[in-house]
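This one's a predicted model, so the numbers in the text were calculated from it and none came from an experiment.
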Amino acid sequence: HFHEYLQALVKTFPEPVAGEMATAFSWVGVQKDFNDVIISEGIRGTNEITHALDNFPNWHIIELALNPITRLKRLSNRRGNFDKAEGVGDTSFLPNELQVEVQSLLESGEITPKALTITQAESQNYGLYPFVDGDKYENYHHVDADDQTPEQVAQSVYAILRGIVDANN
């Protein structure tokens, strides 16, 4: 609900807000010099991640990254009542190299039209692929979640957080 609150806050402005969710976090008291652990799934996409990394150097961003096919499959199996999208199965927003595979997965029922609609909306806001400039930032961390169970992803995030805490002590 906090994430939805911040999204609504950002959308109240007539012009786009630089850094979007990263900036919204700063509005609610997470300041530049904040040096403790907050876990949020709220910052996504190149614009938001770059803004957070550039403007909040004490923040550590851990991106849980999925390739688009894995994302589509997981969305297709998600049964959250927060997913309000209706799907039509449009693959035209995808890069050419993915369209044939996704169309085949759609026809076989491995992915749903609803998942495509959600992914299309997300791609307009955040892009399809993980942040590519992470090597330029000491405070950026990447977890490739494609072949990991949720437990393995949690262990990877914990290891990163443990390293951050240990480095600050």
Write down the atom of [X], the atom of [Y], and the distance for their closest heavy-atom approach.
X: P95; Y: L128; value: CD-CD1, 3.4 Å
X: Q148; Y: V153; value: OE1-N, 3.3 Å
X: H142; Y: A65; value: CE1-CB, 3.2 Å
X: P130; Y: E63; value: CA-OE2, 3.5 Å
X: D147; Y: Q152; value: O-OE1, 3.9 Å
X: S156; Y: V143; value: CB-CG1, 3.9 Å

To the nearest 0.5 Å, how far apart are [atom1] in [X] and [atom2] in [Y]?
X: N77; Y: I111; atom1: CG; atom2: CD1; result: 11.0 Å
X: L98; Y: F93; atom1: CG; atom2: CZ; result: 9.0 Å
X: H60; Y: I164; atom1: NE2; atom2: CD1; result: 4.5 Å
X: L53; Y: E138; atom1: CG; atom2: CD; result: 11.5 Å
X: N47; Y: H51; atom1: CG; atom2: NE2; result: 8.0 Å
X: D144; Y: L66; atom1: CG; atom2: CG; result: 8.0 Å

Checklist entry - Are the side chain of D146 and the backbone of N67 linked by a donor-acceptor contact shorter than 3.5 Å? => result yes

Next on the checklist: Test your reading of the model: is there a side-chain donor-acceptor pair from S76 to the backbone of L72, 3.5 Å cut-off?
Outcome noted: yes

Checklist outcome for this item: So salt bridge (charged side-chain N to carboxylate O under 4.0 Å, His left out) across residues 154-163, not counting sequence neighbours, yields R162-D166

Checklist entry - Does CD belonging to E97 count more than 12 external heavy atoms closer than 6.0 Å? => result yes

Checklist entry - Any chance CG of D135 has more than 12 other-residue heavy atoms, nucleotides or ligands included, within less than 6.0 Å? => result no

Report the residues that fulfil side-chain contact (heavy atoms from CB on, under 4.5 Å) with [X], sequence neighbours left out, ordered by chain and then residue number.
X: T91; answer: L94, Q99, V102, Q103, L116
X: E151; answer: T149
X: P150; answer: none
X: E122; answer: R44, R71, L75, I118, Y126

Item to check | Heavy-atom check, side chain of V157 versus side chain of L64, under 4.5 Å | outcome: yes

Checklist entry - Same hydrophobic cluster for I69 and V100, using side-chain heavy-atom links shorter than 4.5 Å among ILVMFWY? => result no

Item to check | Residues which pass ring-ring contact (aromatic ring centres under 6.0 Å, His included) with Y140, listed by chain and number, not counting sequence neighbours | outcome: F131

